[in-house]
Amino acid sequence: MIIREKEPANLEMTFSSLESRITPAEQFYVRSHFAVPEIDLTTWRLAVEGVVARRREFTFDELRALPQQTIEATIECAGNSRVFLVPKAKGVQWELGAVGNAEWTGVLLRDVLAAAELGEDARDIVLEGADRGAIAEPPRPAGEIHFARSVPREKALDDVLLAYSMNGEPLTPAHGFPLRAVVPGWYGMASIKWLQRIVALDREFNGYYQTVDYGCWQRDEAGAVLTPLSEMQVKSQIARPAGGERIRGGSTCKISGAAWTCAAEITRVEITANDGKSWHAAKLLGEAVPASWRLWELDWDAPQTLGKCTIRSRATDSLGRSQPMEHDANRGGYMINFCLPIDIEVV
Ligand SMILES: Nc1nc2c(c(=O)[nH]1)N[C@H]1C(S)=C(S)[C@@H](COP(=O)(O)O)O[C@H]1N2
Ligand SMILES: [Mo]
């Protein structure tokens with residue numbers, strides 16, 4: 001793993017080592033805002049409160065007794081690929097490895113909400129982690145806050161999973177032991193780790209990580225509106241060749257990587273070596289799995305011309321969405337899904 005920050009640990013996968021659709025837990029990136037909270041399973045509880053008829057507290061065993069569900073889901077940090085932005089954006093300078101795909105087992109959020117008899121008026125479901133700390137830069141609340149995020153009622157009652165296992169093993173402390181949310185199709189910030197409290201609100205949640213951080217600008221008839229990040233944008237990444245790699249001129253070179261989107265299937269991945277003037281279709285590997293990335297590869301004829309060469313990949317999904325060639329500045333340092341330039345050397 002590439003260490004982006006020691007304390008709290010922020011670790012990135014070496015994306016050029018992508019081998020299989022499932023990312024092993026040891027290679028799955030870690031994005032944490034505060035130190036890993038110390039949790040004793042015997043005293044740990046999941047509280048469900050707010051606009052509910054029956055406030056509930058679940059022990060770990062009580063949660064495990066609810067119907068169990070396993071899903072595969074890709075999680076990408078909204079700041080993944082930030083290092084590619086010109087000019088530089090502030091924040092962790094992730095390269096390609098703040099994304100992974102795992103198998104998650106747990107209980108559906110909707111079952112937990114049903115057990116608490118979710119109120120008709122509940123609009124937004126806040127998920128809160130046990131981790132906490134002070135924010136360094138203004139604007140900031142005084143004192144410490146927990147990492148918390150919300151999902152709208154419809155999403156909460158659809159496919160949000162509260163997972164206790166990752167790839168068939170108990171969650172590791174770094175990935176949210178004993179329980180984390182997995183919000184399929186959404187950027188990683190929504191998938192709250194070390195989940196300890198769920199609050200149903202009759203209004204929109206305006207927490208720090210919902211509005212001040214993890215937002216982007218969108219234009220509507222009233223002007224520019226700060227909007228909480230949610231769904232992942234269609235994206236592909238080249239795993240190999242890695243940036244800086246040397247390729248023999250005129251040889252056949254395998255270009256491979258992964259592509260993902262939200263609530264749709266990847267239908268096409270193409271490669272350009274001339275800034276989009278021409279594209280070569282890659283082969284999609286395996287079968288499409290909902291909410292998971294699709295691996296792909298292309299046997300590419302490397303140019304005869306020696307020197308620097310920039311390759312880029314572009315994915316398209318079943319809703320007709322494609323990656324743009326440029327980053328949209330309204331997104332600041334987030335949602336970086338433009339066709340990333342990978343510089344290689346033809347020798
Ligand atoms: N409690 C809590 N949950 C959290 C975070 C956090 O700092 N604290 N980071 C979020 C962000 S920004 C991302 S990208 C994902 C990363 O999950 P991972 O570390 O398991 O890869 O967790 C999310 N859930
Ligand atoms: Mo993130």
Side-chain angles (χ1 to χ4, degrees), residues 1-5 7-13 15 22-39 44 46 73-82 89-104 106 126-135 144-151 160-167 169-198 207-210 212-216 228-233 235 260 293 331-336:
M1 301 289 272
I2 306 164
I3 300 170
R4 294 285 170 216
E5 201 178 323
E7 201 43 67
N10 281 286
L11 313 174
E12 163 162 9
M13 175 193 175
F15 198 67
I22 298 291
T23 312
E26 320 81 70
Q27 278 184 53
F28 204 102
Y29 79 97
V30 174
R31 172 62 179 123
S32 297
H33 294 73
F34 307 120
V36 173
E38 268 183 44
I39 289 169
W44 177 88
L46 175 67
T74 295
I75 301 182
E76 182 193 12
C77 180
N80 188 35
S81 317
R82 190 175 282 139
K90 69 172 192 272
V92 183
Q93 294 299 303
W94 302 110
E95 208 173 311
L96 299 172
V99 59
N101 184 63
E103 194 179 87
W104 310 96
V126 182
L127 307 173
E128 180 191 88
D131 54 332
R132 52 192 283 177
I135 306 295
E144 297 196 333
I145 58 168
H146 286 277
F147 193 86
R149 258 269 171 175
S150 74
V151 285
V160 176
L161 190 75
L162 309 183
Y164 39 71
S165 316
M166 179 181 190
N167 299 337
E169 301 286 334
L171 283 178
T172 60
H175 292 298
F177 174 86
L179 190 71
R180 77 170 302 164
V182 175
V183 181
W186 283 39
Y187 283 111
M189 76 280 133
S191 292
I192 298 296
K193 303 191 281 188
W194 312 294
L195 190 64
Q196 66 170 9
R197 199 161 71 102
I198 297 172
Y208 180 85
Y209 292 103
Q210 192 82 13
V212 177
D213 203 357
Y214 293 108
C216 74
L229 300 182
S230 57
E231 296 187 339
M232 294 192 292
Q233 303 293 297
K235 184 168 177 180
W260 58 95
W293 64 19
R331 297 175 176 181
Y334 290 127
M335 297 171 85
I336 302 144

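Both ligands and their constituent atoms are indexed starting at 1 by order of listing.
- The shortest separation from a heavy atom of V30 to ligand 1 is under 4.0 Å, placing the residue in contact.
- Under the side-chain contact (heavy atoms from CB on, under 4.5 Å) rule, R149 has a single partner from I192, V126, L127, which is I192.
- The side-chain heavy atoms of K235 and S81, taken from C-beta on, include a pair separated by under 4.5 Å.
- Using 4.0 Å as the threshold, R149 has no heavy atom nearer than that to any atom of ligand 1.
- Shown in contact with S32 at under 4.0 Å from a heavy atom are these atoms of ligand 1, numbered in order with element: 7 (O).
- Remark: ligand 1 atoms within the under-4.0 Å shell around heavy atoms of S191 are 22 (O), 23 (C), 24 (N).
- The heavy atom nearest to atom 16 (C) of ligand 1, considering only F28, Y29, Y214, is found in Y29.
- Summary of contacts: the protein heavy atom closest to atom 9 (N) of ligand 1 is R31 O, 3.1 Å.
- Here the straight-line distance linking atom OH of Y214 with atom CE of M189 works out to 8.0 Å at 0.5 Å rounding.
- Taking atom 3 (N) of ligand 1 as the reference point, the nearest protein heavy-atom neighbour is K193 N, 2.9 Å.
- In this structure, the side chains of P178 and Y164 stay at 4.5 Å or more apart for every pair of heavy atoms.
- The pair R31-E76 does not meet the salt-bridge criterion, since no charged nitrogen lies less than 4.0 angstrom from a carboxylate oxygen.
- Residue, atom and distance of the protein heavy atom nearest to atom 17 (O) of ligand 1 are R180 NH2, 3.2 Å.
- Annotation for ligand 1: atoms under 4.0 Å from non-hydrogen atoms of H33 are 6 (C), 7 (O), 9 (N), 12 (S).
- Counting heavy atoms from C-beta on, the side chains of D131 and K193 never come closer than 4.5 Å.
- Using cut-offs of 30° and 60° on the angle between ring planes, the pair W260 and W293 is tilted.
- Between V99 and F15, some side-chain heavy-atom pair lies under the 4.5 Å cut-off.
- Short contacts between ligand 1 and I192, defined as distances under 4.0 Å to a heavy atom of the residue, involve ligand atoms 3 (N), 24 (N).
- Side-chain atoms of Y187 and N80, non-hydrogen and from C-beta on, never get closer than 4.5 Å to each other.
- Each of the following atoms of ligand 1 lies closer than 4.0 Å to a heavy atom of C77: 14 (S).
- When only non-hydrogen protein atoms are considered, atom 15 (C) of ligand 1 lies nearest to G188 O, 3.5 Å.
- Residue-ligand proximity, D131 to ligand 1, at heavy-atom distances under 4.0 Å covers atoms 1 (N), 2 (C), 6 (C), 7 (O), 8 (N).
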